[in-house]
**Student:** 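Okay, handing you the structure first.
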Amino acid sequence: MLIDAGLPGSELERRMDAVGLDPHCVDAVVLTHEHRDHASGAGVWARRYGVPVYAADGVAEVIDKRLGLGVLKRVEVIPFAPGEIFQVSGLEFTPFATPHDALSTVGFRVSDGATTLGFATDLGEAGEEVVRMLSGADLLYLESNHDEQLVIDGPYPWALKKRILSELGHLSNAACAKLVASLLHGGLKALVLGHLSETNNEPRLAFQATHSVLKGAVADEDITLLVARQGQPGSVLDVA
């Protein structure tokens with residue numbers, strides 16, 4: 001599955017090729033929400049490879065209206081609602097609502113019956129339901145978007161700063177680390193920090209915040225901690 005597609009199809013292909021993945025192995029595109037940096041390449045990719053796009057109810061219509069050209073009108077769009085389980089090629093997706101300033105932003109709990117991925121980006125806070133849906137996962141992909149002080153001291157206008165720091169904005173490094181502390185368990189194998197701001201964060205700051213939580217965990221050396229970068233593909237993780 002390709003979760004979100006905010007890059008041009010050619011760039012997605014280049015990055016997959018760089019890590020030895022065949023684009024034809026993708027059976028579907030699954031979207032978390034309609035913002036451009038998550039959805040702008042979905043239509044082109046789906047048409048090129050003849051795969052469906054899964055999106056929350058109403059999201060496809062918003063994407064077409066904002067991006068124009070009916071980018072999703074010529075592909076198969078399969079809607080879902082938060083809490084509504086759906087299956088694609090042997091994977092079970094459970095979407096859950098996350099607080100963000102979009103129509104219907106979701107995270108995912110994904111399982112093949114033996115291994116589970118918890119995926120959550122673009123959320124202003126991690127409440128009880130988010131924690132519940134991510135608990136017990138073998139692999140976590142979590143937003144560690146910004147350092148709060150860098151946002152406050154940074155170049156953005158105050159209105160945008162307030163949005164980022166709000167309960168409908170993005171998860172800070174400190175908030176991500178707090179979330180990780182609540183999700184640690186003996187079966188957690190890998191943790192990827194993603195959706196880092198290039199203006200309001202640094203990879204070392206995101207890493208340090210979460211690593212400080214893992215240092216106090218039992219057998220923390222057994223947990224792989226990686227930071228995803230915007231400009232390059234990351235490592236392929238095998239958590240089977």
Side-chain angles (χ1 to χ4, degrees), residues 1-7 28-43 45-46 52-67 71-72 77-86 88 91-111 116-135 137 139-146 148 151 156 159-173 175-176 178-180 182-183 192-197 200-201 206 228 230:
M1 301 301 114
L2 180 60
I3 299 180
D4 286 344
L7 295 170
V29 179
V30 185
L31 298 180
T32 59
H33 63 297
E34 74 271 15
H35 284 167
R36 181 181 293 271
D37 59 327
H38 293 259
S40 62
W45 183 275
V53 174
Y54 288 76
D57 293 318
V59 165
E61 290 78 8
V62 174
I63 291 172
D64 276 336
K65 183 177 180 180
R66 289 185 180 176
L67 300 183
V71 293
L72 290 179
V77 177
I78 303 174
F80 61 78
E84 179 181 284
I85 297 173
F86 59 92
V88 190
L91 293 178
E92 179 180 275
F93 279 75
T94 304
F96 56 92
T98 58
H100 191 54
D101 57 353
L103 173 65
S104 182
T105 310
V106 298
F108 294 107
R109 186 179 181 89
V110 188
S111 178
T116 300
L117 161 70
F119 185 98
T121 65
D122 293 73
L123 63 166
E125 61 178 359
E128 292 182 2
E129 180 64 7
V130 170
V131 172
R132 185 180 73 84
M133 293 304 300
L134 295 173
S135 293
L139 168 64
L140 291 169
Y141 189 106
L142 303 176
E143 175 173 64
S144 191
N145 176 259
H146 61 273
E148 292 184 352
V151 174
Y156 288 176
L160 181 53
K161 293 179 181 182
K162 286 175 63 178
R163 171 188 173 266
I164 293 169
L165 297 171
S166 76
E167 295 178 352
L168 295 178
H170 293 278
L171 215 59
S172 69
N173 294 337
C176 177
K178 182 179 178 181
L179 174 58
V180 169
S182 70
L183 296 173
V192 182
L193 307 178
H195 212 285
L196 274 69
S197 168
N200 301 307
N201 209 354
Q230 287 196 31

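Because the structure is a prediction, the values reported are computed rather than measured.
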**Student:** Give me the atom names and distance for the closest heavy-atom approach of V106 to L31.
**Tutor:**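 That closest heavy-atom pairing would be CG2-O, 4.1 Å.
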**Student:** Do you know the tightest heavy-atom contact between A228 and G194?
**Tutor:** CB-CA, 4.2 Å
**Student:** Can you list the steps and then say if Y54 with F86 is a ring pair (Phe, Tyr, Trp, His ring centres under 6.0 Å)?
**Tutor:** CA-CA 10 Å; Y54 288 76; F86 59 92; 4.9 Å; yes
**Student:** Between the side chains of D4 and T32, does any donor sit under 3.5 Å from an acceptor?
**Tutor:**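 Looking only at side-chain atoms, T32 and D4 do form a donor-acceptor pair, the distance falling under 3.5 Å.
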**Student:** Return the minimal non-hydrogen interatomic distance between S135 and R109, and the atom names on each side.
**Tutor:**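 Closest approach of S135 to R109: O-NH1, 2.7 Å.
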**Student:** Atom CD of E143 and atom CZ of F119: how far apart are they, to the nearest 0.5 Å?
**Tutor:** 9.5 Å
**Student:** Please report the shortest heavy-atom distance between G6 and S40, naming the atom on each side.
**Tutor:** O-OG, 3.2 Å
**Student:** Answer with yes or no whether the side chains of S197 and N145 bring together a donor and an acceptor at under 3.5 Å.
**Tutor:**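 There is no such pair (donor and acceptor under 3.5 Å, judged by atom type) between the side chains of N145 and S197.
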**Student:** Using the side-chain contact (heavy atoms from CB on, under 4.5 Å) definition, which of the options L183, L117, T116 pairs with L134?
**Tutor:** L183
**Student:** Taking atom OG1 of T121 and atom CZ of F108, what is their separation to the nearest 0.5 Å?
**Tutor:**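 Output value for this atom pair is 9.5 Å.
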**Student:** Restricting to non-hydrogen atoms, name the atom on A126 and the atom on V131 that form the minimum distance, rounded to 0.1 Å.
**Tutor:** O-CG2, 4.3 Å
**Student:** With a 6.0 Å cut-off on ring centres, are H146 and H170 close enough?
**Tutor:**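 Centroid separation for H146 and H170: 6.0 Å or greater.
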**Student:** Measuring centre to centre across the rings, with the benzene-like ring taken for any Trp, is H195 within less than 6.0 Å of H38?
**Tutor:** yes
**Student:** Can you tell me how far NZ of K161 sits from OG of S166, rounded to the nearest 0.5 angstrom?
**Tutor:** 15.0 Å
**Student:** In terms of relative ring orientation, are H100 and H33 parallel, tilted or perpendicular, with 30° and 60° separating the classes?
**Tutor:**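 Ring orientation, 0 to 90° scale: perpendicular.
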